[in-house]
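Worksheet: the structure to be examined is printed underneath.
None of the values given here were measured: they were computed from a predicted structure. Throughout, a chain's letter reflects where its sequence line sits, starting with A, and its residues are numbered from 1.
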Amino acid sequence: MYIYDSVKKKKLPFEPIVPRKASIYVCGPTVYDDAHLGHARSSLSFDLLVRTLKALRYDVTMVKNFTDIDDKIIKKVQETGQSLEEITTHYIERYLEDMRALGVQENDIEPKATESLEAMESMIQNLIDKDIAYVVNSGDVYFDTSKDTNYGSISHQVGSDENNQSRVEHNSQKRNPKDFALWKACNGDDDICFDTAFSRGRPGWHIECSAMIEKHFEGSDEYSIDIHGGGADLLFPHHENEASQSRCATGHELAKYWMHNGFVNINGEKMSKSLGNSFFVKDALKVYDGEVLRNYLISVHYRNDFNFNEEDLLNSKKRLDKLYRVKKRIVPTKASKPNKKFQKSVMEAMSDDLNISVALALVEEMISDANDKLDSNPKDKGLKKETLANIEFLDELLGFGGKEPFSYFQIGIDEETKSKIESLIEQRSEAKKAKDYQKSDTIRDEITAMGISLMDTSDGTLWEKI
RNA sequence: GGCGACAUCGCCAAGUGGUAAGGCCGCAGCCUGCAAAGCUGCUAUCCCCAGUUCGAAUCUGGGUGUCGCCUCCA
């Protein structure tokens, strides 16, 4: 397995801390709203990583957190009058529901910030004791970035303060402009706060990940985990700060490898809350099946930006259609073993920093080859069994192709419409038998107008939703 | 102002020194009553300039363009 490390900026062989084991932590969502396509893309990127590592027989531990205490959530509490728990529970459920629809495998541990307060408190206290963190008058606790000589080694983004015209707010209580809050003191009666030795308040954004990693992974003398992942926008400052506080608290580096997925763009612009062009997963799922959406969102390499548009989505749906069409030709049958060469080359592609494009090209080749052979020998049992096994292998590794093929082409068609289609097809077959082609074509036009495409085969007339 | 990424056929997209994968679209053909599906064939020299090299889309330097991070963000 080769992984592109976005800190070292090169592709490296994956050599885990403990041989054959892979410990992964990915930054999850702040749960104050529904999941958008960016969340989906991130989840899918790391889902492919986990599936690939599992296929390579690694013992994977995947941890992904929920940030369930934060300014935006508190704002929502104040606006809606609902409790923090009501809001976060709702959006966590919604998030998991959407990710399930996209075929994202369950994570091993999904810790919540509110359930990790002790771990955070002890890490902050540790940093205060070492005089790396400091408490200011308000009760806020800041991390002194000047105490970490390696600060900046993650994002490579520390300029001198003079020529740094960043938009970081000026806060006179900070010792250095780059210092960040580990703990925010309670801010009024309607704030949501927790008691600690240093002040009543709530955690800053970065500390939860560091604390959870220490809580849930054993680590080694050199690293806490193998892989730390997240969206590209988290590299700075979030991951820089996480790495720094962990380094200072534990005396070793946080992660051996860092992976960052690219953005989802809408019309060439980053999709973001502030631009108001967010696209919720639930809205996309109203129009497209989860598997179609998944197949589309994984079709571009995880590090590239992803330009979401309907035309490309339909293009990728056509590729999935082809897979299910060949599957229609081979069922019912029992799977044997996947083709060795096919399996090996797909694994090689995915082992190369998740090169999905090459993997999908191999899938096309496999489909084309199977169709070709079925054309000349439609009853080739061995081929059918192997092809089905190939598809089952793909379903396990890439997460698509697992549906029953006939129903795949009937998603979203109700029973009433189905029986109407069947009856029209019956009428058309009779017209055809009577060589009344004018009538049969009229019926086909009628069916086409319903959004259904017909295929006359030796096994009778098949239909698909267009 | 600081830091960084990317630029390959009409569109999407691989390729990281040895002479351009794959998909969509299009065209031609086979098959079909006609279609659809499937199959076969055809379609690029890689933003520009200079350099390194026997050889570069791939390395170096300089341009141009697009996007991102530095503020909550996947």
- [ ] Indicate yes or no: at least one non-hydrogen side-chain atom of A:Phe280 is less than 4.5 angstrom from one of A:Asp98.
- [x] no
- [ ] Rounded to the nearest angstrom, tell me the gap between atom CG in A:Leu320 and atom P in B:rG23.
- [x] 16 Å
Open item on the list: Under 4.0 Å, counting only non-hydrogen atoms across every strand here, what does A:Ser357 touch: a base, just sugar-phosphate, or nothing?
Closed with: base
Task: Separation of SG atoms, A:Cys186 and A:Cys193, below 2.5 Å - done: yes
TODO: Report yes if a donor N or O on one partner sits less than 3.5 Å from an acceptor N or O on the other, where the partners are the side chain of A:Asp456 and the base of B:rC34; otherwise report no.
DONE: yes
Open item on the list: Using a heavy-atom cut-off of 4.0 Å across all strands, would you classify A:Asp305 as base, sugar-phosphate, or nothing?
Closed with: sugar-phosphate
Task: Short side-chain donor-acceptor distance under 3.5 Å, A:Tyr302 and A:Asp353 - done: yes
TODO: For A:Ser368, answer base if it contacts any base atom (sugar-phosphate contacts may also be present), sugar-phosphate if it contacts only those atoms, and nothing otherwise; contact means non-hydrogen atoms under 4.0 Å.
DONE: sugar-phosphate
Open item on the list: What's A:Gly38 touching, base or sugar-phosphate or nothing? Going by heavy atoms closer than 4.0 Å.
Closed with: base
Task: Sugar-phosphate only, base, or nothing, as touched by A:Arg319 at under 4.0 Å among non-hydrogen atoms - done: base
Open item on the list: How many whole angstroms separate atom NZ of A:Lys328 from atom P of B:rA36?
Closed with: 15 Å
TODO: Quote, to the nearest angstrom, the C1' distance that separates B:rA44 from B:rG26.
DONE: 15 Å
TODO: Confirm from the modelled atom types if A:Arg325 and B:rA37 form a donor-acceptor pair under 3.5 Å, side chain to base only.
DONE: no
Open item on the list: From NZ of A:Lys439 over to C1' of B:rC34, roughly how many Å is that when rounded to an integer?
Closed with: 18 Å
Open item on the list: With a 3.5 Å cut-off and heavy atoms only, can you find an N or O donor on one side and an acceptor on the other between the side chain of A:Glu365 and the base of B:rG22?
Closed with: no
Task: No-H, no-angle donor-acceptor pair, A:Asp372 side chain to B:rG38 base, under 3.5 Å - done: no
Open item on the list: I want to confirm an ordering. Mapping A:Arg428 and A:Asn309 to their closest nucleotides on RNA chain B, which one lands closer to the 5' end?
Closed with: A:Asn309
Task: Option passing salt bridge (charged side-chain N to carboxylate O under 4.0 Å, His left out) with A:Lys184 (candidates A:Asp140, A:Asp191, A:Asp71) - done: A:Asp71
- [ ] Describe the nucleic acid contact of A:Arg444 in one word from base, sugar-phosphate, nothing, applying a heavy-atom distance below 4.0 Å.
- [x] base
Open item on the list: Taking 4.0 Å as the cut-off, does a side-chain nitrogen or oxygen of A:Lys270 come that near to OP1 or OP2 on B:rC69?
Closed with: yes
Open item on the list: Taking atom types as they are modelled, would you say the side chain of A:His301 forms a donor-acceptor pair with the base of B:rA13 within the 3.5 Å cutoff?
Closed with: no
Task: A:Glu208 versus A:Ser116, side-chain donor and acceptor atoms under 3.5 Å - done: no
